[in-house]
Number of protein chains: 2
Amino acid sequence: MNTTRNKDYTIDNEQLARFAKAMGHPARITILEYLSSLDCCYFGEIHNELPIAKATVSQHLKELKDAGLIQGEIETPKVKYCINKENWEKAQAYFETFFALNKEKIRCCN
Amino acid sequence: MNTTRNKDYTIDNEQLARFAKAMGHPARITILEYLSSLDCCYFGEIHNELPIAKATVSQHLKELKDAGLIQGEIETPKVKYCINKENWEKAQAYFETFFALNKEKIRCCN
DNA sequence: AATATTGTTCGTAATTTTGCGAACTAAAAT
DNA sequence: ATTTTAGTTCGCAAAATTACGAACAATATT
């Protein structure tokens, strides 16, 4: 019995879910908010904004980078982070489109 | 040694993260997209849209309900689901504000 | 050459998420 | 009084997430 599934969801829905998932933790929202308020900054400054260990901050940054929302650049011994503008705008467009869908139609059952 | 943490993140950032997390799975995006295209519908129709077992669909619906994005109403033996309009608009506003923040400022380090 | 600075990676633990089938519930239909 | 219908809840397993301290890497400074 083959229970593998194929193409369960649309690419767009998977992409939107990936962006949303990356934003699904308050630490990561805080990072994104902070980064979007600057041109860029170093790891240490981000760490200062957060109540968690540097190893954990590093992990969150990695997730944001994997989702494409931010980018990092080594400037030894520091690492400079910034918003990935292209994907940031892509994410924005995804959410906008998503919420705009059938906007006037929604009126619920009650 | 007390390692409890208090008020780590802003209420707004926690709320936005909660919305984002609820949207952080393609099945739940598909559900929301489907629901927002209708006034409302029954569990069975939602289940038909998805490639997963009904127990799993039920779980995803529970998460969306817990996040406040949808609401369910019993019409035995069926259950009617719909978007929670108030919170849906709240979520929309949260994302909009988030992405609008410093929009023109972002230009990255490169 | 040794030390300091700045982050990342590793190893680990606890918790949460995702998924399924089976059992259950509650009303409707027979 | 059974049976059917439509979902939910339970119990479980596998995988992913979150968090930390310790160890490491790579350059800069002394």
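Labels below follow one simple rule: chain letters A, B, ... track the order of the sequence lines, proteins then strands, and each chain is numbered from 1. Heavy atoms only: backbone and side chains are in, while hydrogens, waters and symmetry mates are out.
- For the pair A:L50 CG and D:dC20 P, the computed distance is 11 Å after rounding to whole Å.
- Residues of residues 57-65 of chain A that place a heavy atom closer than 4.0 Å to DNA chain D, in numerical order, are A:Q59, A:H60, A:E63.
- Closest approach of B:A67 to B:F19, counting heavy atoms only: O-CE2, 3.5 Å.
- The interatomic distance linking A:K80 (NZ) with C:dG7 (P) rounds to 13 Å, in whole Å.
- Interface residues of residues 21-29 of chain A facing DNA chain D, ordered by number: A:K21, A:H25, A:R28; criterion, heavy-atom separation under 4.0 Å.
- Among all heavy-atom pairs drawn from B:I52 and B:A27, the shortest one is CD1-CB, 4.2 Å.
- Going from atom CZ of B:R18 over to atom P of C:dT17 covers 12 Å, rounded to whole Å.
- A:L50 places none of its side-chain heavy atoms less than 4.5 Å from the side chain of A:H60.
- Side-chain contact between B:L35 and B:I46: present, with at least one pair of heavy atoms (C-beta onward) separated by less than 4.5 Å.
- Closest heavy-atom contact between A:N84 and A:Q71: CA-NE2, 3.2 Å.
- A:C82 and A:C40 get closest at one heavy-atom pair: CB-CB, 3.6 Å.
- Distances shorter than 4.0 Å separate some side-chain N or O of A:T56 from OP1 or OP2 on D:dC20.
- For the OP1/OP2 pair of D:dA26 and a distance below 4.0 Å, the side-chain nitrogens and oxygens of A:T76 include no atom meeting the criterion.
- Atom CD1 in A:I74 sits roughly 10 Å away from atom P in D:dA26 (whole-Å rounding).
- Taking atom CG on A:N48 and atom C1' on C:dT6, their separation rounds to 12 Å, with Å as the unit.
- A:A55 comes within 4.0 angstrom of a nucleotide base, judged by non-hydrogen atoms across all strands.
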Listed pairs, N/O of protein and of nucleotides 4-6 of chain D, under 3.5 Å:
residue: D:dA6; atom: O4'; partner: B:P77; partner atom: O; Å: 3.0
residue: D:dA6; atom: O3'; partner: B:P77; partner atom: O; Å: 3.4

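- The ring-ring contact (aromatic ring centres under 6.0 Å, His included) search around B:F98 returns A:W88, not counting sequence neighbours.
- Within the 6.0 Å centre-distance limit, the rings of A:F95 and B:F99 are counted as a close aromatic pair.
- For A:Y81, a side-chain nitrogen or oxygen approaches OP1 or OP2 of C:dT8 to under 4.0 Å.
- A search for side chain to side chain donor-acceptor pair (under 3.5 Å) contacts involving A:N48 returns nothing, not counting sequence neighbours.
- Screening B:L32, B:L38, B:I31 against B:Y34 for a side-chain contact (heavy atoms from CB on, under 4.5 Å) leaves a single residue, B:L38.
- Atoms CD1 (A:I52) and P (D:dT18) sit 10 Å apart, rounded to a whole Å.
- C:dA26 atom P lies 18 Å from atom CD of B:E73, rounded to whole Å.
- The list of salt bridge (Lys or Arg N to Asp or Glu O under 4.0 Å) pairs with a residue in residues 50-69 of chain A, not counting sequence neighbours, reads A:R28-A:E63, A:K62-A:D66.
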